[in-house]
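Remarks on the structure that follows.
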Amino acid sequence: MDHAFAVRKLTDFLALVRGYLYEVDLASRDIGAEWPDWPEELVVQEAVARQIANAYYSGLGNVEREDGENEAAYWYRVRTAAAQALGMASSAEEMAAFLRPTSPAIAADSLHPWIWEPAAPLWAAEARQDAVLAAARTLNRRLQQKLERHDIGETDLCMQTFDLKEAQPGKPRLRFPGDRTTATWRARQDGAKYFSAGAFLAIRNVAAHEEAVDWSRQDALEHLTALSVLARWIEECATETAPSSD
């Protein structure tokens with residue numbers, strides 16, 4: 001719903017009502033004064049105001065003239081309904097935010113330290129792209145250190161690291177804890193393989209190779225969160241090596 005439109009229309013309508021009631025009041029006090037002309041524009045705008053009021057609260061705008069009711073009394077009731085609708089329209093966004101269920105929040109400093117520690121000073125300087133890139137590079141180095149592999153990194157290393165194939169000489173694997181005969185364990189292992197590779201491809205590479213990305217604070221924080229998930233998986237996994245062929 002366009003609340004700004006509703007506020008504008010109702011405000012204009014209330015000004016018309018106020019002006020007409022002022023003329024009616026003057027005419028009722030002075031016997032010789034002319035009664036104001038039939039308020040055509042007011043009636044036209046009342047139809048609009050009625051629809052808007054009903055959109056905010058069903059039946060609110062359905063003000064009908066009662067038997068024996070004078071002109072002023074009727075328009076006072078119309079004005080009251082329109083003012084109530086104006087109150088709803090002008091506070092609609094704030095009330096929606098207030099009534100929205102409380103959602104959990106992620107504190108950046110609760111992300112995995114491999115991620116937040118290198119990102120924090122850059123984040124503080126509003127360098128969000130650099131913060132994400134620093135976190136991804138640190139994560140890559142941590143993965144290389146854990147596996148003692150410095151010949152490859154990032155996407156290629158992730159694809160090999162979580163692969164379901166047995167470890168080979170010079171090509172250790174990371175393995176989640178749990179029963180390796182279950183479909184769940186295999187799914188987790190395979191998922192980590194593609195998730196980790198995707199994180200470096202879709203997050204790290206974009207941050208590194210684009211001159212400037214239009215990430216909002218929320219975008220950048222979610223990228224850091226994805227990297228934090230991967231960091232916790234890497235730390236959780238055990239390194240599995242194969243005996244040297246020598």
Side-chain angles (χ1 to χ4, degrees), residues 1-21 41-42 44-64 75-136 139 191 195 198-199 202-204 206-207 210-233:
M1 188 180 298
D2 189 341
H3 302 301
F5 171 83
V7 167
R8 186 170 63 253
K9 286 295 185 180
L10 290 170
T11 300
D12 292 345
F13 174 68
L14 285 169
L16 287 174
V17 177
R18 184 166 54 252
Y20 181 66
L21 283 173
E41 180 62 21
L42 181 58
V44 170
Q45 294 305 318
E46 180 192 12
V48 177
R50 181 188 297 262
Q51 293 180 69
I52 294 174
N54 286 338
Y56 282 99
Y57 191 86
S58 179
L60 177 61
N62 296 338
V63 179
E64 303 296 340
W75 286 108
Y76 273 119
R77 291 197 300 114
V78 170
R79 184 175 70 172
T80 299
Q84 290 175 336
L86 177 60
M88 296 177 191
S90 59
S91 63
E93 293 183 0
E94 292 179 343
M95 289 303 298
F98 175 76
L99 296 173
R100 186 181 302 128
T102 302
S103 59
I106 296 177
D109 59 4
S110 68
L111 297 176
H112 195 285
W114 295 353
I115 303 304
W116 183 241
E117 287 178 3
L122 294 163
W123 189 275
E126 296 292 329
R128 294 189 287 270
Q129 181 175 347
D130 293 334
V132 172
L133 180 57
L139 181 59
F195 179 91
I203 297 176
R204 185 272 180 201
V206 173
E210 290 293 320
E211 182 175 348
V213 294
D214 58 350
W215 289 341
S216 65
R217 290 176 65 87
Q218 183 66 26
D219 290 334
L221 180 59
E222 289 178 7
H223 293 333
L224 290 175
T225 302
L227 295 173
S228 180
V229 170
L230 180 53
R232 295 192 191 282
W233 287 351

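All values below come from the heavy atoms of this structure, side chains included, with hydrogens, waters and symmetry mates left out. If you're wondering where the values come from, they're calculated on a predicted model, not measured in any experiment.
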Interatomic distance, NE2@His112 vs CG@Leu227, rounded to 0.5 Å, equals 12.0 Å
Q) Is a side-chain donor or acceptor of Gln45 paired with a backbone partner of Phe13 at a separation under 3.5 angstrom? A) no
For Ala226 and Ile203 the tightest heavy-atom approach is CB-CD1, 4.1 Å
Scanning both residues in full, the closest heavy-atom pair of Ala82 with Leu14 reads CB-CD2, 3.7 Å
Heavy-atom nearest pair, Val78 first then Val63, reads CG2-CG1, 3.8 Å
Separation between OG (Ser228) and CH2 (Trp116), nearest 0.5 Å, reads 11.0 Å
Practice item. May I ask you to test the Arg128-His223 pair for a side-chain heavy-atom distance under 4.5 Å? Key: no
Any side-chain heavy-atom pair of Val48 and Val44 under 4.5 Å
no
So do Leu221 and Arg217 actually touch side chain to side chain, heavy atoms under 4.5 Å? no
Heavy atoms of Ala220 and Val132 approach each other most closely as O-CG2, 3.9 Å
Residues passing the ring pair (Phe, Tyr, Trp, His ring centres under 6.0 Å) test with Tyr76, sequence neighbours excluded, are none
Output for pair (Phe5 CZ, Leu10 CG), nearest 0.5 Å, gives 9.0 Å
Applied to residues 47-58, the salt bridge (Lys or Arg N to Asp or Glu O under 4.0 Å) test, sequence neighbours excluded, yields Glu46-Arg50, Arg50-Glu64
Closest non-hydrogen atoms of Ala6 and Ile52, given as atom of the first, atom of the second and distance, are CB-CG2, 3.7 Å
For the residue pair Gln84 and Tyr56, establish whether any side-chain heavy-atom pair is separated by less than 4.5 Å. no
Output for pair (Leu224 CG, Trp215 CH2), nearest 0.5 Å, gives 8.5 Å
When rounded to the nearest 0.5 Å, the distance separating CG of Leu111 from CD1 of Ile106 is 7.0 Å
All heavy atoms of Ile115 vs all of Ala135, minimum pair found to be O-CB, 3.6 Å
Just by modelled atom types, is the Glu94 backbone N or O under 3.5 Å from a matching donor or acceptor in the Ser91 side chain? no
Discussion item. Could you check whether any side-chain heavy atom of Arg18 comes within less than 4.5 Å of a side-chain heavy atom of Leu21, counting everything from C-beta outward?
Written reply: no
With sequence neighbours left out, the residues meeting side-chain hydrogen bond (donor to acceptor under 3.5 Å, both in side chains) with Asn62 are Asn54
Rounding to 0.5 Å, atoms NE2 (His3) and CG (Leu86) come to a distance of 13.0 Å
